[in-house]
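Here the structure is a predicted model, which means the values were calculated and not measured. Just so you know, ligand 1 is whichever comes first in the structure, and atom 1 is the first atom listed for that ligand.
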Amino acid sequence: MEATNNVILITGATSGFGQATARIFAQNGYDIIATGRRADRLETLKTELEANFGVSVLNLCFDVRVENEVNQAIQSIPASWSDRLSILVNNAGLAVGRSPIDEGIVDDWERMIDTNIKGLLYVSKAVIPFLKAKKSGHIFNLGSIAGKEVYAGGNVYCASKHAVDALSKSMRIDLVAYNIKVTNIAPGAADTEFSLVRFKGDQATADATYNGFDPLVAEDIAETIYFAATRPKHVTINDLVIMPTAQASATVFHKQ
Ligand code: NDP
Ligand code: 8X3
């Protein structure tokens, strides 16, 4: 039987926002293209989603920083999937370190710039032709409150998310003639693996990030993406800042 489900491609589906987004779209009948570097996690997710929701999951294991890996992976998508691809979620990203600018580690800077900016560009360039061909589609870019404001030690991460913010605005202009919606999602503090990655496996420091208040959870962002993706054809939600209730800005928290 010919597959008819819409398809969503999510980068960074092995954890956090990406994984929760895969789950909510699968629950609502989308076939999922799940990507990330950790193949074992992709396999576990595929087994779970196919068993629980009766959808199909195509796993693509690649590093968004490596342009030819991105291109090979995207070009390997069978036409029976790419023809139905309607949503791209550019979610893969990370912060590494939180040092004053002069104490920053160059390798950390490069990981953030290569993943958050260049990776998003490589994936977008490879996927957009599928959407353009259909003259419809929806791209979600995971920005951050760090793409709207800056904070001490946030320097390069904030710069990378300001770049995502600018790219969301630019993509919207470049793609409007093709009926392609672009939504920038800018969350505040969310309890995922983000802080564990930022603090290089230091669990105590990662946990301390969320002490004394209720942070966002991955499902809060997944539900928001699903809401924005299911507005009527003539409506685009351009930009959403989503904060924990106890967080008023990048730096102002009400902690108990
Ligand atoms: P997680 O660490 O839980 O998830 C990050 C995901 O990105 C993982 O699936 C990881 O997969 C993937 N990823 C990272 N580097 C690469 C790479 N080089 N190639 C392919 N995939 C990669 O973090 P979140 O879910 O919190 O973060 C998702 C996005 O949301 C990021 O862009 C982050 O900057 C942004 N964000 C997070 C906030 C937070 O407080 N949590 C707030 C605002 C924005 P794998 O390791 O398997 O490759
Ligand atoms: C992640 C949120 O405040 O740590 O983008 O930058 S923050």
Side-chain angles (χ1 to χ4, degrees), residues 9-23 34-45 59-67 69-70 73-74 89-98 108 110-123 140-165 167-168 184-201 205-206 208-210 213 215-222 224-225 240-244 246-253:
L9 189 157
I10 304 164
T11 65
T14 57
S15 173
F17 300 162
Q19 190 179 76
T21 302
R23 227 169 245 132
T35 87
R37 291 166 301 177
R38 286 170 288 183
D40 53 333
R41 290 204 184 190
L42 289 175
E43 270 315 303
T44 307
L45 183 67
N59 285 339
L60 298 178
C61 191
F62 64 88
D63 187 327
V64 297
R65 293 173 296 180
V66 184
E67 188 191 358
E69 274 190 33
V70 172
I74 301 301
V89 183
N90 278 317
N91 163 76
L94 77 182
V96 198
R98 194 171 166 167
D108 294 349
E110 286 175 347
R111 283 177 65 193
M112 290 186 274
I113 291 166
D114 289 352
T115 310
N116 300 352
I117 306 175
K118 291 166 71 179
L120 181 147
L121 287 170
Y122 298 153
V123 173
F140 288 85
N141 291 332
L142 259 294
S144 171
I145 189 64
K148 307 285 185 187
E149 302 175 39
V150 293
Y151 53 83
N155 42 64
V156 175
Y157 179 68
C158 295
S160 74
K161 291 299 182 180
H162 275 70
V164 172
D165 200 76
L167 287 169
S168 295
N184 191 71
I185 301 281
D191 189 359
T192 60
E193 293 177 14
F194 175 85
S195 290
L196 195 59
V197 172
R198 173 171 237 173
F199 298 113
K200 302 178 180 177
T205 305
T209 308
Y210 310 110
F213 72 105
L216 298 171
V217 294
E219 289 70 23
D220 297 322
I221 301 309
T224 304
I225 292 173
L240 284 168
V241 179
I242 307 143
M243 304 291 271
Q247 184 179 5
S249 74
T251 50
V252 177
F253 290 81

SB check Lys200 Glu193 (cutoff 4.0 Å): no
Any idea which heavy atoms bring Leu120 and Asn116 closest together, and the distance? CB-O, 3.5 Å
Between Ala186 and Lys148 the two heavy atoms that sit nearest each other are CB-CE, 4.0 Å
At a 4.0 Å threshold, what atoms of ligand 1 neighbour a non-hydrogen atom of Phe62? 19 (N), 20 (C)
Would you mind listing which atoms of ligand 1 come within a distance below 4.0 Å of any non-hydrogen atom of Glu193? 2 (O), 3 (O)
Thr14 heavy atoms, cut-off 4.0 Å: which ligand 1 atoms fall inside? 8 (C), 9 (O), 10 (C), 11 (O), 45 (P), 47 (O)
Please check this pair: side chain of Glu69 against backbone of Val64, looking for a donor-acceptor N/O pair closer than 3.5 Å. no
Is the closest N or O pair between Arg38 and ligand 1 shorter than 3.5 Å? yes
For atom 26 (O) of ligand 1, which candidate among Leu196, Leu42, Thr192 holds the nearest heavy atom? Thr192
For the residue pair Arg37 and Phe62, would you count it as a cation-pi contact if the rule is NZ or CZ under 6.0 angstrom from the ring centre and within 45 degrees of the ring axis? no
Can you confirm if the aromatic rings of Tyr210 and Phe194 lie within a centre distance of less than 6.0 Å? no
Distance under 4.0 Å to a non-hydrogen atom of Arg198: what atoms of ligand 2 satisfy this? 4 (O)
Identity and separation of the nearest protein heavy atom to atom 7 (S) of ligand 2: Tyr151 OH, 3.5 Å
Indicate whether any N or O donor in one side chain lies under 3.5 Å from an N or O acceptor in the other, for Thr11 and Asn91. no
Ranked by distance from atom 48 (O) of ligand 1, the top protein heavy atom is Arg37 NE, 2.7 Å
Tell me the contacting part of Lys161 for ligand 1: side chain, backbone, both, or neither, using a 4.0 Å heavy-atom threshold, strictly below. side chain
Test your reading of the model: is there a side-chain donor-acceptor pair from Ser249 to the backbone of Val252, 3.5 Å cut-off? yes
Heavy-atom nearest neighbour of atom 18 (N) of ligand 1 within options Asp63, Asp40, Thr209: Asp63
Which one of Val217, Ile10, Ile221 satisfies the side-chain contact (heavy atoms from CB on, under 4.5 Å) criterion with Phe17? Ile221
Quick one: look up the protein heavy atom nearest atom 1 (P) of ligand 1 and list residue, atom name and how far away it is. Ser15 OG, 3.5 Å
Heavy-atom closest pair (Glu149 atom, Cys158 atom, distance to 0.1 Å) is O-SG, 4.0 Å
Where Leu45 and Ala22 come nearest, the two heavy atoms and their spacing: CD2-CB, 4.1 Å
Which atoms of ligand 2 have any heavy atom of Tyr157 under 4.0 Å away? 1 (C), 5 (O), 6 (O)
Does Val197, backbone or side chain, put an N or O under 3.5 Å from an N or O of ligand 1? no
Sub-3.5 Å N/O-N/O distance, Ser144 and ligand 1: no
The protein heavy atom nearest to atom 33 (C) of ligand 1 is Tyr157 OH, 3.7 Å
With respect to Val64, determine whether any N or O atom, backbone or side chain, lies less than 3.5 Å from an N or O atom of ligand 1. yes
Looking only at atom types and distance, does a side-chain atom of Lys161 sit under 3.5 Å from a main-chain N or O of Leu142, one as donor and one as acceptor? yes
Please could you name the atoms of ligand 1 that Gly188 approaches to less than 4.0 Å, counting only its heavy atoms? 40 (O), 42 (C)
Does Asp114 form a side-chain contact (heavy atoms from CB on, under 4.5 Å) with Met112? I'd like the steps, not just the answer. CA-CA 6 Å; Asp114 289 352; Met112 290 186 274; over 6 Å; no
What's the shortest distance from atom 43 (C) of ligand 1 to any protein heavy atom, and which residue and atom give it? Pro187 O, 3.3 Å
Using a 4.0 Å heavy-atom cut-off, which part of Asn91 comes near ligand 1: side chain, backbone, both, or neither? both
Would Ala190 count as being in polar contact with ligand 1, using the rule that some N or O on each side must be under 3.5 angstrom apart? yes
Using a plain distance cutoff, I'd like to know if Gln247 has any nitrogen or oxygen under 3.5 Å from a nitrogen or oxygen of ligand 2. no
Closest non-hydrogen atoms of Asp191 and Pro215, given as atom of the first, atom of the second and distance, are CB-CG, 3.7 Å
Looking only at protein heavy atoms, which one is nearest to atom 5 (C) of ligand 1, and how far off is it? Gly93 O, 3.8 Å
Could you check atom 36 (N) of ligand 1 against the protein and tell me its nearest heavy-atom contact, residue, atom and distance included? Phe17 CE1, 3.6 Å
Need the ligand 1 atom indices (1-based, order shown) with element for anything under 4.0 Å from a heavy-atom of Gly143. 43 (C), 44 (C)
Would you mind listing which atoms of ligand 1 come within a distance below 4.0 Å of any non-hydrogen atom of Gly16? 3 (O), 25 (O)
Counting heavy atoms only, which of Ala13, Ala146, Gly12, Ala92 comes nearest to atom 22 (C) of ligand 1? Ala92
Close-contact set for ligand 2 against Ala146 heavy atoms, below 4.0 Å: 6 (O)
Proximal atoms of ligand 2 relative to Ser144 (non-hydrogen, under 4.0 Å): 1 (C), 2 (C), 5 (O), 6 (O)
Leu216 and Pro187 have their tightest heavy-atom pair at CD1-CB, 4.1 Å
For Asn141 and Asn90, does a side-chain donor sit closer than 3.5 Å to a side-chain acceptor? yes
Does only the side chain of Lys161 get under 4.0 Å from ligand 2, or the backbone, or both, or neither? Count heavy atoms. neither
Backbone N/O of Leu42 and side chain of Asn59: donor-acceptor pair under 3.5 Å: yes
